[in-house]
Amino acid sequence: QVQLVESGGGLVQTGGSLRLSCAFSGRIFSFYAMGWFRQAPGQEREFVATIRSSGINSAEAESVKGRFTISRDNTKNTVYLQMNSLKPEDTAVYYCAASRGVGGASQYDYGYWGQGTQVTVSS
């Protein structure tokens, strides 16, 4: 019954910023760890970031560390991905995912997925 809806994607130029949002509904949000993944055409799904249910512990993939930040607001049932200094290689469909456990870097740690939002970075 968990539902996830991403928003905030779009077309930006290299060096620009986007803030993705993922709205969670159907269960108690504060029980779930959350993650962001991305997938480009013809590529495997790639881990981007994860955050524990409390919001205290988080981690980002090395490829985005220092540029992307994951956060959550448990009063709004929303997880965010702030994306700065965007590069063409960041172009992908970005997916929000939820885990009843602690989450992690594997897509198989997550049982619930949104439909994705397109991020395109042009040069």
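Crowding of Q118 atom CD: a count of heavy atoms from other residues, nucleotides or ligands under 6.0 Å exceeding 12. Other residues, nucleotides and ligands contribute more than 12 heavy atoms inside 6.0 Å of the CD atom of E89. Counting non-hydrogen atoms of neighbouring residues, nucleotides and ligands closer than 6.0 angstrom, the CD1 atom of I28 reaches no more than 12 such neighbours.
For the atom pair CZ (R100) and OH (Y112), the distance works out to 9.5 Å, reported to the nearest 0.5 Å. Rounding to the nearest 0.5 Å places CE of M34 at 10.0 Å from CG of N74. One finds the OG1 atom of T69 at 9.5 Å from the CZ atom of R19 (value rounded to the nearest 0.5 Å). From E6, atom CD reaches atom CG of L81 across 11.0 Å, with rounding to the nearest 0.5 Å. Note: L86 CG to S17 OG = 6.0 Å, rounded to the nearest 0.5 Å.
Hydrophobic clustering, with ILVMFWY side chains joined whenever heavy atoms are under 4.5 angstrom apart, groups V2 together with F31. V12 and V48 fall within a single hydrophobic cluster, where Ile, Leu, Val, Met, Phe, Trp and Tyr are joined by side-chain heavy atoms under 4.5 Å apart, directly or via other members.
Here the closest non-hydrogen pair linking M83 and V119 is CE-CG1, 4.1 Å. Shown here for A92 and A40, the closest heavy-atom pair between the two residues is CB-N, 3.9 Å. Between A33 and G101, the shortest heavy-atom distance links the atoms CB-O, 3.5 Å. Between S21 and T78, the closest heavy-atom pair is CB-CG2, 4.2 Å.
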TODO: Would you please test T50 and Y110 for side-chain hydrogen bond (donor to acceptor under 3.5 Å, both in side chains) and show each step?
DONE: CA-CA 11 Å; T50 187; Y110 300 85; 2.8 Å; yes
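The stretch residues 38-91 participates, sequence neighbours left out, in these ring pair (Phe, Tyr, Trp, His ring centres under 6.0 Å) pairs: F37-F47. Pairs passing the disulfide bond (SG atoms under 2.5 Å apart) check and including a residue from residues 10-67, sequence neighbours excluded, read C22-C96. For residues 68-79, no residue pair satisfies the salt bridge (Lys or Arg N to Asp or Glu O under 4.0 Å) rule, not counting sequence neighbours. Residue pairs meeting the side chain to side chain donor-acceptor pair (under 3.5 Å) criterion with at least one member in residues 29-42, sequence neighbours excluded: R38-E46, R38-D90, R38-Y94, Q39-R45.
When hydrophobic side chains of Ile, Leu, Val, Met, Phe, Trp and Tyr are connected at separations under 4.5 Å, V5 ends up as a singleton with no cluster partners.
The shortest side-chain heavy-atom distance between Q107 and Y95 does not fall under the 4.5 Å cut-off. L20 places a side-chain heavy atom less than 4.5 Å from the side chain of T117.
For the pair T14 (side chain) and S122 (backbone), a donor-acceptor distance under 3.5 Å is present. With T91 contributing its side chain and T120 its backbone, the two residues share no donor-acceptor pair below 3.5 Å.
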Table please: side-chain donor-acceptor pairs of residues 51-63 below 3.5 Å, with sequence neighbours left out.
unit_1, atom_1, unit_2, atom_2, d
R52, NE, V102, O, 3.3
S54, OG, I56, N, 3.2

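If you check the side chains of S99 and D109, you find no donor sitting under 3.5 Å from an acceptor.
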